[in-house]
Amino acid sequence: MRRFDKRVAGVALAAFVFASSTATQLYAQTSLPPFADIFSNSPVAMMLIDPISGDILAANDAAQSLYGWTSKEFRNLSISELNQLPREKIMALMEEVSLDEQHYFLFPHRFQDGSVHTMRIFSWPITIQDRTALLSIVSEARDVRAGSEPLAAYSSNLVEAVRRKSTELQHKSGLLNLTLIAAIAVLSGIIVILALVLVRGRRLVNALSRQHLLLRVVIDAIPDQIYFKRPNGTLEACNQAAAEFIGMPTETIVGKTDREIFGQTNDALLMQQVFGDVNDEGKLINQGEVTNPAGRKYTLEMIKAPVIDARGERLGSVSVWRDVTERRRTEARIEMLAYYDPLTKLANRTKAQEVLVGLLATHRVSHQYMAIAIFDLDNFAAINSIFGHAIGDALLRTTGRRLCDNIDPGCFTARLSSDEFVVFLTSLGSSEETARTAAHKKIERLHSLLSRQTFINGNQITPSTSAGAVLVMPNSEGASEHLRHADLAMHNAKSHGRGSITWFHDGMVQDLVARFDVETALEQALQQGGLRLFLQPKVIDGAPGRHFEVLLRLDHPERGIIEPGRFIDIAEATGLIVPIGAWVLEEACKLLAEHDDLHLAVNVSVRQFLRESFIDDVAALLETYQFDPERLTLEMTESLMIANFDLALSQLRKIRDMKIRLSIDDFGTGYSALVYLKQFPLNELKIDKTFIAGVPHDSNDTSLVELIITMAHHLGISIVAEGVETVEQAAWLRAHGCEGLQGFLFSRPQPADHYLTPPP
């Protein structure tokens with residue numbers, strides 16, 4: 001009888017692993033609930049089938065959800081409409097089930113949407129209201145979906161399940177023993193009672209047998225691996241998922257030891273979770289990579305717990321393994337997307353900030369200095385425009401590799417934004433002077449490496465980088481603040497010219513405040529009329545009328561008149577240059593309409609010129625103010641040539657069609673590509689004052705200016721020299737064919753009224 005109890009306990013143990021509400025209700029009470037409740041509430045798909053006609057008598061909610069048919073539609077179907085085997089074969093197999101000869105099948109089943117799936121079928125005969133029907137439990141053969149309950153919940157359910165089942169069986173066993181004793185005592189007189197007891201016992205055995213089969217079906221439907229091991233170390237039972245993992249039939253696994261299944265291994269996780277044992281109170285919960293006997297690796301969540309009956313007797317242990325391989329891969333992909341740059345494979349800004357927090361904490365303990373350096377590729381937008389984004393992306397990857405391959409162990413690099421990279425230089429020492437010297441040396445080496453020539457898809461590119469750095473003291477906190485300081489230093493380096501390296505100092509914060517103040521003043525000036533037009537004469541030999549260049553000044557409420565060198569870069573960076581440029585152009589058009597002898601040259605920013613609406617805006621101004629467009633010259637820098645060549649050429653041709661003159665300002669300081677000059681419909685070149693300053697004594701400057709004048713005249717373009725400050729310069733320029741002169745020799749910029757208001 002105890003062997004019978006133990007077998008039933010093993011079956012009950014497997015059922016409780018399912019941890020569903022139906023199984024809990026089924027064994028938590030001393031009497032079983034009606035079959036209809038078990039059938040309807042089961043989360044496993046079930047069907048009742050007439051073994052004679054093959055009609056589907058009922059299908060529970062889980063089956064309806066799986067196949068897609070409603071309960072009413074199921075009752076109008078026969079099993080041959082689901083099963084794709086010939087009807088004769090299906091009827092023969094149902095006959096075998098009715099005779100308890102076969103219960104497990106793999107069938108191709110058609111779903112409501114027309115798709116065909118391979119289904120695992122467990123079927124057996126039952127009697128309902130004196131009528132025999134086949135109860136079938138179905139599941140997809142390759143279903144790997146995990147249950148919704150966490151692994152930790154398995155353990156408590158399993159232990160409680162075993163205790164309840166043991167109590168129930170003990171109670172039934174006691175009743176049976178009492179019945180048998182009573183039967184023997186009155187054997188001679190109550191043959192009828194003995195017969196009834198024997199009949200009841202047979203029915204109980206049949207019920208327990210069917211119950212065992214049902215629980216076997218349920219446990220095999222669970223995708224998690226389940227193992228029940230006896231105290232002597234042999235496996236008592238396992239489900240279908242476990243058999244598939246091990247690669248052996250269930251019948252072969254039962255009775256074997258762990259060593260016989262997994263062989264000799266030094267895997268730490270297997271040694272603890274599989275070969276190790278648990279005490280009566282403890283649990284083993286692990287997660288890691290396990291290799292099955294076939295050599296395939298899985299990432300598993302594993303829990304192992306003892307099974308103890310109500311009398312405190314140790315029945316063995318149960319293990320549940322859940323395959324989380326795909327989940328871990330998904331989590332790794334999500335982490336890669338969240339914390340790493342897909343182009344360079346470097347960490348992104350978010351990851352860099354997390355790493356910096358940890359490094360700061362480490363350096364506070366070790367009392368070591370560290371440094372943060374941000375490298376920015378100069379003129380990266382120009383590289384994208386000239387060579388294309390594919391080359392630009394390749395240059396970014398090259399920059400990332402150069403940094404990764406040349407930083408010291410323990411240091412860290414990341415890509416912060418489009419063309420910005422950060423490097424954390426760690427363990428620089430406990431002395432500030434020593435740390436700064438070591439950091440500067442490392443940064444200069446990286447800076448030199450990033451500026452080396454590279455060949456990308458046949459294109460020779462020599463990149464240039466600007467770098468900003470900040471030295472971080474051992475007791476420093478605030479990762480974001482240090483990154484911001486390094487970024488300030490980097491932008492300060494860019495303002496000093498390409499290829500510069502700048503260290504952060506407190507004055508940069510003050511400069512940033514001043515920059516913000518200027519930005520605010522620009523916005524207020526646009527709204528409240530705080531912008532002023534200044535004019536500087538252009539002396540052009542033989543040209544009629546008065547010629548001026550229009551210059552802009554900001555009338556600051558506290559600082560007074562501010563020259564453009566202190567606010568144009570801010571206007572460009574914030575986008576305010578577009579409305580400011582529009583205001584200057586309209587004010588110039590007003591002056592041209594008011595003074596018939598006036599000729600004005602107006603600077604136009606690249607951002608303003610390349611706007612699609614720019615041509616229409618200029619046409620509207622000509623229509624509004626009605627002046628001779630030949631008296632208006634639009635001046636642009638050479639950067640226009642590479643910003644967007646095709647669009648720039650189209651815009652320039654439309655401007656010339658309006659009879660407006662075109663000039664390239666500060667010629668010689670940019671790219672000076674002759675192919676652009678040849679195609680652009682230009683009227684004028686203005687030689688930058690940095691070249692005029694050396695005339696006529698600097699042979700390099702004089703040679704270059706002569707070349708520019710000769711080239712321009714060959715292309716039919718006139719020349720204006722900026723920054724003329726001496727009579728000697730003016731004489732030399734006129735002698736070499738320069739048509740126009742502009743500079744302090746003739747006049748400093750003055751408010752427009754100074755030149756245009758007639759004297760009293």
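Predicted model only: the values in this text are computed from it and were never measured. Below, all heavy atoms of this structure are taken into account, side chains as well, without hydrogens, waters or symmetry copies.
- The closest donor-acceptor contact from the side chain of His482 to the backbone of Glu477 lies under 3.5 Å.
- Checking side-chain atoms of Asp616 against main-chain N and O of Ser613 turns up no donor-acceptor pair under 3.5 Å.
- Rounding to the nearest 0.5 Å gives a distance of 9.0 Å between CD of Gln460 and CZ of Phe387.
- Within 6.0 Å of the CZ atom in Arg653, the count of heavy atoms belonging to other residues, nucleotides or ligands does not exceed 12.
- Without hydrogens or angle criteria, Thr399 side chain to Leu395 main chain gives a donor-acceptor distance under 3.5 Å.
- Side-chain contact between Leu446 and Asn406: present, with at least one pair of heavy atoms (C-beta onward) separated by less than 4.5 Å.
- Phe421 has its side chain out of reach of Ile374: every pair of non-hydrogen atoms, C-beta onward, lies at least 4.5 Å apart.
- Of the possible donor and acceptor atoms, one in the side chain of Ser605 sits under 3.5 Å from a partner among the backbone N and O of Gln608.
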TODO: Show your working on side-chain contact (heavy atoms from CB on, under 4.5 Å) between Leu552 and Glu563 and close with a plain yes or no.
DONE: CA-CA 7 Å; Leu552 181 65; Glu563 295 189 355; over 6 Å; no
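- Distance check: Ser480 OG to His485 NE2 gives 11.0 Å after rounding to the nearest 0.5 Å.
- One side chain, Gln742 or Lys686, offers a donor N or O that lies under 3.5 Å from an acceptor on the other.
- Judged purely by distance below 3.5 Å, without hydrogens or angles, the side chains of Asp378 and Ser466 pair a donor atom with an acceptor atom.
- Across every non-hydrogen atom of Leu685 and Ile717, the tightest pair is N-CG2, 3.6 Å.
- For Glu433, the CD atom sits in a loose shell: 12 or fewer heavy atoms of surrounding residues, nucleotides or ligands are nearer than 6.0 Å.
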Task: Worked verdict on Lys494 versus Ser500 for side-chain contact (heavy atoms from CB on, under 4.5 Å) - done: CA-CA 7 Å; Lys494 291 182 74 69; Ser500 300; over 6 Å; no
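- Two residues are said to be in side-chain contact when any heavy atoms from C-beta on lie closer than 4.5 Å; Phe680 and Leu649 meet this criterion.
- Two rings, from Phe614 and Phe609, have their centers less than 6.0 Å apart.
- A distance of 6.0 Å separates CG of Leu634 from CG of Leu662, quoted to the nearest 0.5 Å.
- The two residues Pro629 and Leu622 make their nearest non-hydrogen contact at CB-CD2, 4.1 Å.
- A donor-acceptor contact closer than 3.5 angstrom links the side chains of Ser115 and His117.
- When side chains are defined from C-beta on, Thr344 does not count as touching Arg401, because their heavy atoms never get closer than 4.5 Å.
- For the pair Thr702 (side chain) and Ser699 (backbone), a donor-acceptor distance under 3.5 Å is present.
- A heavy-atom distance below 4.5 Å is not found between the side chains of Gln368 and Leu428.
- In this structure a side-chain-to-backbone donor-acceptor pair under 3.5 Å is present from Gln651 to Arg611.
- Between the side chain of His363 and the backbone N or O of Leu359, at least one donor-acceptor pair lies under 3.5 Å.
- Going from atom NE2 of His505 over to atom CG of Leu471 covers 14.5 Å, rounded to the nearest 0.5 Å.
- Tyr339 OH: 12 or fewer foreign heavy atoms inside a 6.0 Å radius.
- In this structure, the side chains of Arg415 and Arg349 stay at 4.5 Å or more apart for every pair of heavy atoms.
- Looking at Met636 and Asp665, their side chains never come closer than 4.5 Å, going by heavy atoms from C-beta outward.
- Of the inter-residue distances, the one linking Asn683 atom CG with Ser663 atom OG reads 8.5 Å to the nearest 0.5 angstrom.
- If you run side chain to side chain contact (heavy atoms under 4.5 Å, CB included) between Val518 and each of Arg566, Arg559, His556, only Arg559 comes through.
- At distances below 3.5 Å, not a single donor-acceptor pair connects side-chain atoms of Thr465 with backbone N or O atoms of Leu450.
- Nearest heavy-atom pair, Tyr369 versus Ser431, reported as atom, atom and distance to 0.1 Å: CE1-C, 3.8 Å.
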- [ ] Please test Val618 against Lys654 for side-chain contact (heavy atoms from CB on, under 4.5 Å), starting from the C-alpha separation and ending with a verdict.
- [x] CA-CA 10 Å; Val618 173; Lys654 292 176 182 177; over 6 Å; no
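- Using a 4.0 Å cut-off between a side-chain N of Lys or Arg and a carboxylate O of Asp or Glu, Glu572 and Arg607 do not qualify as a salt bridge.
- Here NE2 of His713 is found 6.5 Å from CD1 of Ile709. Values are rounded to the nearest 0.5 Å.
- Side-chain atoms of Asp341 and Lys345, non-hydrogen and from C-beta on, never get closer than 4.5 Å to each other.
- In plain terms, the two heavy atoms of Thr690 and Asp701 that are nearest each other are O-OD2, 3.9 Å.
- Arg532 and Trp583 get closest at one heavy-atom pair: N-CH2, 4.2 Å.
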Open item on the list: The test is side-chain contact (heavy atoms from CB on, under 4.5 Å); show your working for Leu531 and Arg553 and say whether it passes.
Closed with: CA-CA 6 Å; Leu531 299 175; Arg553 299 292 186 268; over 6 Å; no
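- Ser476 and Arg364 get closest at one heavy-atom pair: O-NH1, 3.1 Å.
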